[in-house]
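Notes for the one structure printed next.
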Amino acid sequence: MKIATFNINGINKRLKNLLDWLAEAEPDVVSLQELKATDTKFPGAAIERAGYGAVWRGQTAWNGVAILARGTVPVPTQLELPGDGGDRQARYLEAAVNGVLVTSIYAPNGNPQPGPKFDYKLAWNDRLLAHAAELMAADVPVVLAGDYNIVPEPRDIYETRSYDDNALVQPQCRKAFQRLLELGWTDAIREAFPDETVYTFWDYKRNRWPRNAGLRLDHLLLSPQAGTRLVEAGIDRHIRSRDGASDHAPAWIRLE
DNA sequence: ATGGCTTACATAGTAAGA
């Protein structure tokens, strides 16, 4: 069972990129972020023609998350991250596919910091931690897939000082990610590449892709019941170099 | 080191991304 997460950065703008990748990578489950489309603008028919059922939560202009499943329709279990009924941003979706719970997480970016956006990011991370604890207690295979907008460690970003004040690398954010690991979640990509430099995002600006000035922001965290089934993982880096590519590359795992 | 791209919404120029 191959499960991928991909910040598509505009699903309609990049529909061809998405369909080409689906056809060649053949993931069984796909967690998508940054649809940048309303519910009615989600390209459900094209995705169905590609062989995938889908659930999604859209929003005007920004955010938006979806979960796709090959040959079946995901069964949604959460349409939003619990803990703040007033939060209207489409940043969380959770669904069951063939006995595995999979999320699409699009955590807030949080810039500039300090400020209200950063406060929202920290509060959102707290809510994610609380919900992750509940999922852990359910004792089932869970894959917390998505764009966390957190660089877990210094080795997960290229050599630079330009991000020192950026929300992505702040200690409060890294601590939130670390707490998830302490709860018992496994960072699948780091588990598969313990000593390698692995990036999933390269800014469009400043020649960051050609000079591999990247960041690792997209993560797949596994509950113990999923972690014992991990056999392979990867980043589809070549997707980032295509015409009209998203600024993120797909990250994926394979569970036995 | 640098907002130097790119998008949606709109139909010019902002806001947002990370």
Side-chain angles (χ1 to χ4, degrees), chain A residues 5-18 21 31-43 56-66 87-92 104-125 128 145-177 189 197-219 235 237 239-251:
Chain A
T5 183
F6 189 9
N7 180 322
I8 192 66
N9 189 16
I11 192 167
N12 288 306
K13 185 75 187 174
R14 293 182 222 290
L15 185 57
K16 183 184 186 309
N17 298 66
L18 175 64
W21 170 72
S31 166
L32 292 173
Q33 299 85 37
E34 279 208 84
L35 303 181
K36 294 185 173 175
T38 56
D39 281 337
T40 53
K41 293 278 180 60
F42 183 83
W56 62 90
R57 271 210 57 212
Q59 188 181 326
T60 305
W62 299 302
N63 308 322
V65 284
D87 187 354
R88 301 264 65 88
Q89 300 191 29
R91 294 184 176 275
Y92 187 86
S104 182
I105 288 168
Y106 179 49
N109 171 295
N111 282 304
Q113 74 83 28
K117 290 189 173 186
F118 192 63
D119 294 341
Y120 173 64
K121 177 176 191 165
L122 296 180
W124 204 94
N125 287 342
L128 179 62
D147 178 355
Y148 285 65
N149 270 317
I150 297 173
V151 174
E153 298 179 274
R155 61 174 167 160
D156 295 313
I157 180 170
Y158 69 102
E159 189 66 42
T160 182
R161 303 300 308 274
S162 64
Y163 275 84
D164 285 359
D165 294 326
N166 195 291
L168 305 181
V169 304
Q170 294 313 301
Q172 302 97 309
C173 300
R174 287 183 165 159
K175 206 161 287 174
F177 191 83
I189 297 296
T197 296
V198 183
Y199 301 141
T200 65
F201 165 86
W202 298 261
D203 201 304
Y204 291 121
K205 301 185 292 289
R206 302 173 197 169
N207 232 21
R208 295 249 174 91
W209 166 247
R211 62 193 179 94
N212 193 32
L215 292 73
R216 190 167 76 97
L217 301 177
D218 303 273
H219 310 298
I235 310 292
R237 279 178 56 99
I239 292 301
R240 178 62 180 80
S241 67
R242 299 224 169 132
D243 284 347
S246 167
D247 42 7
H248 294 249

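The sequence lines fix the lettering, A, B, ..., with proteins before strands; numbering per chain opens at 1.
- In this entry the distance linking NE2 of A:His248 with P of B:dA16 reads 17 Å, nearest Å.
- The side chain of A:Arg91 lies closest to B:dG17, out of B:dT7, B:dG17, B:dC9.
- A straight line from NZ of A:Lys36 to C1' of B:dT14 spans 14 Å, rounded to a whole angstrom.
- For A:Ser162, the listed nucleotide lying nearest its side chain is B:dT2; candidates were B:dC9, B:dT6, B:dT2.
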query: Could you go step by step and tell me if A:Tyr158 and A:Arg208 meet the side-chain hydrogen bond (donor to acceptor under 3.5 Å, both in side chains) rule?
result: CA-CA 10 Å; A:Tyr158 69 102; A:Arg208 295 249 174 91; 3.0 Å; yes

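- Checked against side chain to side chain contact (heavy atoms under 4.5 Å, CB included), A:Ala176 has the following partners two or more places apart in sequence or in another chain: A:Asn125.
- Ring geometry, A:Phe177 versus A:His219: the interplanar angle falls from 30° to 60°, so the pair is classed tilted.
- In this structure, A:Asn9 atom CG and B:dA8 atom P are separated by 8 Å, rounded to whole Å.
- Of the residues near DNA chain B, A:Gly10 and A:Gln89, the one whose nearest nucleotide (by heavy atom distance) lies more toward the 5' end is A:Gly10.
- Around the CZ atom of A:Arg161, the shell of radius 6.0 Å holds no more than 12 heavy atoms that belong to other residues, nucleotides or ligands.
- Residue-level contact check: A:Thr160 touches neither bases nor backbone, having no heavy atom under 4.0 Å from any strand.
- Checking side-chain atoms of A:Arg174 against main-chain N and O of A:Ile150 turns up no donor-acceptor pair under 3.5 Å.
- The CG-P distance, from A:Leu15 to B:dT7, rounds to 14 Å in whole Å.
- Screening A:Asp218, A:Asp147, A:Asn7 against A:Thr200 for a side-chain hydrogen bond (donor to acceptor under 3.5 Å, both in side chains) leaves a single residue, A:Asp218.
- For the segment residues 110-120 of chain A, residues with any heavy atom less than 4.0 angstrom from an atom of DNA chain B are, sorted by number, A:Asn111, A:Lys117.
- Of the candidate nucleotides B:dC9, B:dT6, B:dT7, B:dT6 has the atom nearest to the side chain of A:Tyr204.
- Comparing A:Trp62 and A:Arg14 by the nucleotide of DNA chain B whose heavy atom lies nearest to each, the residue mapping closer to the 5' end is A:Arg14.
- Here the C1' atom of nucleotide B:dT6 and the CG atom of A:Asn12 are 16 Å apart, to the nearest Å.
- Atoms CZ and CH2, on A:Arg242 and A:Trp21 in that order, are 11.5 Å from each other to the nearest 0.5 Å.
- Taking atom P in both B:dG4 and B:dT14, one finds a spacing of 14 Å when rounded to whole Å.
- For the pair A:Asn63 CG and B:dT7 P, the interatomic distance rounds to 17 Å; values are reported in whole Å.
- A gap of 15 Å separates the C1' atoms of B:dA12 and B:dT7, to the nearest Å.
- Atom pair A:Arg208:CZ and B:dG17:C1' shows a separation of 13 Å (rounding to whole Å applied).
- Closest to the side chain of A:Tyr106, out of B:dA1, B:dG17, B:dG4, is B:dG17.
- Contact annotation: the side chain of A:Arg240 approaches that of A:Asp247 to within less than 4.5 Å [non-hydrogen atoms, C-beta and beyond].
- Distances from the side chain of A:Arg161 to the nucleotides B:dC9, B:dA1, B:dT7 place B:dA1 closest.
- In this structure, A:Leu35 places its CG atom 15 Å from P of B:dG17, rounding to the nearest Å.
- Distance noted for atom P between B:dA16 and B:dA10: 15 Å (whole Å).
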